[in-house]
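Note sheet for the following structure.
Naming: A, B, ... by sequence-line order, numbering from 1 per chain.
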Amino acid sequence: MPEFVNGFVRGGSIHLLTRTPSGVQTTTYPAEYVAFVRHADLPGDLERHLSASQFVSSARREGAFLRLGFRSHAFRDALCQSPKSPLAQHGIATYEGDVDPVRRWLTDHPEATIQRPRRCWLDIETDSRVPAKRAKEGAARVLSWSVIADDPRRVRFDVLKADTDTAEAELLGRFWEAVADLDQVLAWFGDIFDFPVLKLRSKARRVRFDEDRLLFLDHAELFERHNKNSSQSGEEKQSMALQNIAVASGVAGKLDEEGLIPGKAMGAQTWEMWEAGGEWRDRLVRYMVRDTETMRRIEGKNGYVALQSTICEACTLFGDSRSLKPTRQLDAFMLRLGAARGQRFPTRRFFDEDVADQHDQFKGAYVMDPKVRGIGKDIHVVDFSRMYPANILTFNMSAETKKLVPVTGPIPEGCCRTPTTGVGFTTAEPGLLVVALKELLRLRKEWSKKQASLPPGTTDWEDAGRRSVAYKVAANSFYGVVGSPFSRFFDRAIAESVTQTGVWLLKMTIHAAEERGWKVVYADTDSCFVQGPTDEEFTAFAKHCNEVLYPEALKKCGCVENAVEIAYEKKLSRVVFVSAKRYIASYAHYKGKAATSDSKPEIKGIEYKRGDANKLARRLQAQVIDLLVGGLKVVEGAPSDDLSRYHELVSKMRSHVLDDALPLDEVQIAQKMTKDAGDYKNAPPHVRVAKMLAERGEDVQEGARIAYVVTDGSVSPMTVIPAIDYTGQEADRHYIWEDKVFPPTRALLEAAFPDEPWEPWAKTRPPKVRSKKSAEGQLELGQQPTLSPLPKPSESAVGDRSPTVKKPKEFVAVLDQSRLPGRDLTVVRDIVARHPGDRPLVLDLGLEGGRRAKMSTIFTCDGSEALAEELKRFRAAS
DNA sequence: AGCTTTGGCCAGTCCG
DNA sequence: CGGACTGGCCAA
């Protein structure tokens with residue numbers, strides 16, 4: 001059985017590489033650019049014309065198709081892609097006319113399998129004097145490289161001997177020698193740095209190497225794709241930098257780097273360290289080798305690279321970065337399956353961007369607005385198992401099983417029809433999509449079973465588990481690929497039928513639960529949250545859905561099969577819904593297994609889980625989450641309904657934001673720049689900062705994560721600075737509190753305690769004083785009052801729910817805030833009360849809603865040392 | 001150059 | 001001020 005580790009096209013041939021213990025064996029075949037045409041579609045004269053054409057190198061019948069071979073992709077494109085081609089003119093479809101010769105060969109040879117590559121990790125360092133952006137383009141000299149092979153484990157590295165082109169050429173030459181007996185190279189963000197740099201520099205130095213021979217796989221990209229599925233906190237999403245991921249994965253401690261230039265990042269002083277020579281040059285190499293080793297350890301921890309290899313084997317793909325794309329995976333898998341059954345798939349069209357943008361979206365899932373007020377208790381949750389695959393299976397959905405049926409009325413014999421989209425499918429023979437899906441699910445089951453039969457923790461056990469996951473991943477990507485206009489299998493009607501059948505099933509379930517007198521409080525896509533039943537009643541409900549409700553409903557649609565199934569997933573003991581897709585909850589049980597005090601809460605959608613939220617916003621949310629549902633273990637004695645505990649946390653965080661020294665990580669926000677800086681209509685803050693950085697020559701390209709600090713959030717557009725410019729002073733504290741930290745927690749608190757007033761903590765920023773007024777001498781130059789409504793948490797709105805007249809808000813004004821040590825207004829009010837008659841003032845105040853009011857308040861107004869002292873004493877005493 | 005989907009929330013900018 | 005719009009990130 002032929003096994004291949006890699007393959008490529010060169011000089012009119014395909015080269016297929018086989019790894020042997022002694023080296024790599026190459027097998028070559030002529031490169032075939034093939035397109036199929038359905039014989040029945042083809043008028044006789046056109047067939048003769050094609051067969052005789054000088055551009056067509058071969059033409060032969062294969063089943064119902066005419067197989068046309070071309071000498072180059074240019075000839076084939078002219079026939080298959082151009083709207084002016086004779087086939088397009090006749091409205092004749094072509095099939096698989098975009099498939100590249102290597103994929104063609106692998107598709108036509110079902111006996112060929114994919115070999116597991118000999119793998120290594122790579123890291124390089126380049127001259128730091130060249131801006132990263134230019135370095136990527138190959139403008140910086142390579143200073144060093146390191147390669148760590150996995151099996152057998154082996155570390156190699158090398159350093160530039162002299163700052164000359166000759167020395168660099170030798171260094172690069174030794175790199176390609178070092179990887180000569182390896183098949184796959186992984187590097188962190190290798191696709192955008194290490195790989196192109198090595199290739200560009202080697203070309204520039206005229207170093208001989210074979211770039212096609214190796215599989216280049218971007219480890220960061222791979223990690224990101226596989227890690228999306230695993231639930232994380234926002235803290236872990238902060239950065240994709242290698243050392244951050246290493247710390248989060250538990251394979252490295254906090255970064256401990258000491259470069260030649262203190263306070264400067266390692267990457268920014270590679271040149272200086274290399275030039276210093278001796279111990280510094282050694283240290284540069286050590287850090288580089290450590291980074292390389294870190295990648296290997298990350299893999300040891302999560303096994304994503306091994307999983308990717310398994311996916312490649314399952315789909316017949318070579319293990320480079322392209323194998324990470326779901327369209328590629330499914331394409332390779334389905335082409336083979338189709339070929340085995342004598343079926344061909346449509347030629348994939350190459351859209352230009354306009355066409356892609358024009359494509360209409362199809363309708364998606366149903367999401368219910370949450371119906372719980374306050375803290376919800378004892379909520380049962382059912383969810384459909386693999387809902388979208390199940391819908392495809394049940395309705396036998398596939399491009400070639402589609403059948404035109406009346407949208408309403410009786411369903412023709414031998415057909416089923418989706419209930420809401422009215423798309424018909426034959427039930428006579430299984431569709432290809434269904435066959436593929438069944439095959440993947442069968443394999444998944446087989447490997448899960450196999451895993452269960454093996455001793456846990458062994459290599460075989462792990463491998464079986466990975467195979468099981470690989471098949472699940474592939475099966476779950478089906479729906480998305482069918483819904484993608486870039487995919488060969490794009491079919492809007494099918495994609496929409498999948499989602500809308502899901503909507504139909506979910507709403508049917510909601511209705512059935514409500515019929516029993518229970519309350520459905522939330523639902524999203526494939527899950528349904530229900531309040532009212534006992535555990536036993538709800539178990540019976542799920543059983544009834546599976547045995548009666550769905551089978552009967554699907555039968556009426558003409559379905560012969562039924563893969564639809566719901567499961568009683570969990571009971572939640574306490575739930576707080578902020579809005580759709582945003583809630584927190586503690587478990588009563590999960591799949592029947594009772595939760596313990598160690599059980600982590602379920603947290604969805606809120607800032608705590610977002611990588612672009614402010615750190616303090618996440619911290620305050622974490623504390624409040626702990627009080628509300630428990631499990632995070634950041635607050636003592638949680639959970640609790642004692643409001644004063646919440647007040648305390650909020651007040652404490654507010655004084656921290658307003659008064660304490662704030663380190664960078666507490667004031668910065670980081671967001672990804674998803675496109676080129678110039679392509680934005682209204683540049684958002686992170687893009688404006690990116691532009692500032694770019695002007696300094698820093699590397700801020702599409703995809704970069706930009707960290708910034710807001711220095712004035714009260715103007716539009718806001719003023720911002722790059723995070724690296726922050727010295728500890730510039731942050732707009734009011735903005736941080738009013739816009740970043742408090743609102744996310746306020747949303748949680750208002751959801752949990754809707755009758756309590758949470759507004760009082762919201763505002764801290766003094767209103768802008770009109771220049772006219774301040775010129776009148778009431779306020780001294782440079783002084784602005786800090787105005788804030790007093791929090792009055794103690795008299796909570798128990799009797800205050802009726803729409804009575806709103807009480808006027810109380811305000812306290814404190815002058816010269818810069819000289820006050822604190823702004824804890826309850827404290828200030830007390831102080832004020834104990835200083836009657838000092839000096840009355842009438843202030844012109846900005847109230848909420850743009851109103852203004854005159855207010856006379858009695859307090860010490862000179863911002864004197866005396867008040868500062870008084871505050872200190874009061875705090876010490878209380 | 002190549003690309004898994006839609007639904008939803010929230011922050012920010014611009015404009016009337 | 002509010003609404004239209006863009007952009008980022010998350011749930012499923």
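Nearer to the 5' terminus of DNA chain B, by closest-nucleotide assignment, is the contact made by A:Ser477 (compared with the other of A:Val367 and A:Ser477). Nearest-nucleotide assignment on DNA chain B puts the 5′-proximal partner with A:Tyr388, out of A:Asp369 and A:Tyr388.
Here A:Ser484 lies in heavy-atom contact (under 4.0 Å) with sugar-phosphate atoms only. Note on A:Gly480: a base of the nucleic acid sits closer than 4.0 angstrom, heavy atoms only. Nucleic acid contact for A:Arg328: sugar-phosphate only, since backbone atoms but no base atoms lie under 4.0 Å from a heavy atom of the residue.
Taking the side-chain contact (heavy atoms from CB on, under 4.5 Å) definition, one finds that A:Glu224 meets it with A:Met240, A:Lys672, sequence neighbours left out. Among residues two or more places apart in sequence or in another chain, the ring-ring contact (aromatic ring centres under 6.0 Å, His included) test is passed with A:His686 by none. Applying the salt bridge (charged side-chain N to carboxylate O under 4.0 Å, His left out) criterion to A:Arg618, with sequence neighbours excluded, gives A:Glu235.
A:Lys615 places none of its side-chain heavy atoms less than 4.5 Å from the side chain of A:Gln238. Two residues are said to be in side-chain contact when any heavy atoms from C-beta on lie closer than 4.5 Å; A:Leu217 and A:Leu324 meet this criterion.
Computed from coordinates, the A:Leu748 CG to B:dC9 C1' distance equals 14 Å when rounded to whole Å. Rounded to an integer number of Å, the gap from CE of A:Met718 to C1' of B:dC10 is 13 Å. Nucleotide B:dT5 holds its P atom 19 Å from the CG atom of A:Asn391, rounded to whole Å. Between the CG atom of A:Asp98 and the C1' atom of B:dG2 there is a distance of 12 Å, rounded to whole Å. Atom P of nucleotide B:dT6 and atom CZ of A:Phe362 are separated by 5 Å, given to the nearest angstrom. Regarding A:Gln361, its CD atom lies at a distance of 11 Å from the P atom of B:dG8, rounded to whole Å. Remark: C1' of B:dT6 and CZ of A:Arg492 are 13 Å apart, rounded to the nearest angstrom. Atom CD of A:Glu607 and atom P of B:dG8 are 18 Å apart (whole Å).
Overall bending of the helix from B:dT5-C:dA12 to B:dG16-C:dC1, expressed as the angle between end axes built from five pairs apiece, is 10° (10° steps).
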Report, one line per pair, each donor and acceptor closer than 3.5 Å where one atom sits in a side chain of residues 325-335 of chain A; sequence neighbours left out.
from     : atom 1 : to       : atom 2 : distance (Å)
A:Gln329 : NE2    : A:Ser323 : O      : 2.8
A:Asp331 : OD1    : A:Arg488 : NE     : 2.7
A:Asp331 : OD2    : A:Arg488 : NH2    : 3.1

One pair to check against ring pair (Phe, Tyr, Trp, His ring centres under 6.0 Å): A:Phe478 and A:Tyr388. What are the steps and the verdict?
CA-CA 9 Å; A:Phe478 259 64; A:Tyr388 287 177; over 10 Å; no
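Side-chain N/O atoms of A:Thr327 include one lying less than 4.0 angstrom from OP1 or OP2 on B:dC3. Within the structure, a side-chain polar atom (N or O) of A:Arg225 is placed less than 4.0 Å from OP1 or OP2 of B:dT4. Side-chain N/O atoms of A:Ser579 include none lying less than 4.0 angstrom from OP1 or OP2 on B:dC9. One finds no side-chain N or O of A:Arg348 lying less than 4.0 angstrom from the OP1 or OP2 phosphate oxygen of B:dG2.
One N or O on the side chain of A:Glu738 and one on the backbone of A:Thr764 form a donor-acceptor pair closer than 3.5 Å.
The aromatic rings of A:Phe577 and A:Tyr583 are tilted relative to each other, their planes meeting at an angle between 30° and 60°.
Under a cutoff of 6.0 Å and an axis angle of 45°, A:Lys675 and A:Tyr680 form a cation-pi pair.
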A correct 5'-to-3' footprint of nucleotides 3-12 of chain C, with B, S and - meaning base, sugar-phosphate only and no protein heavy atom under 4.0 Å, is ----SBBSBS
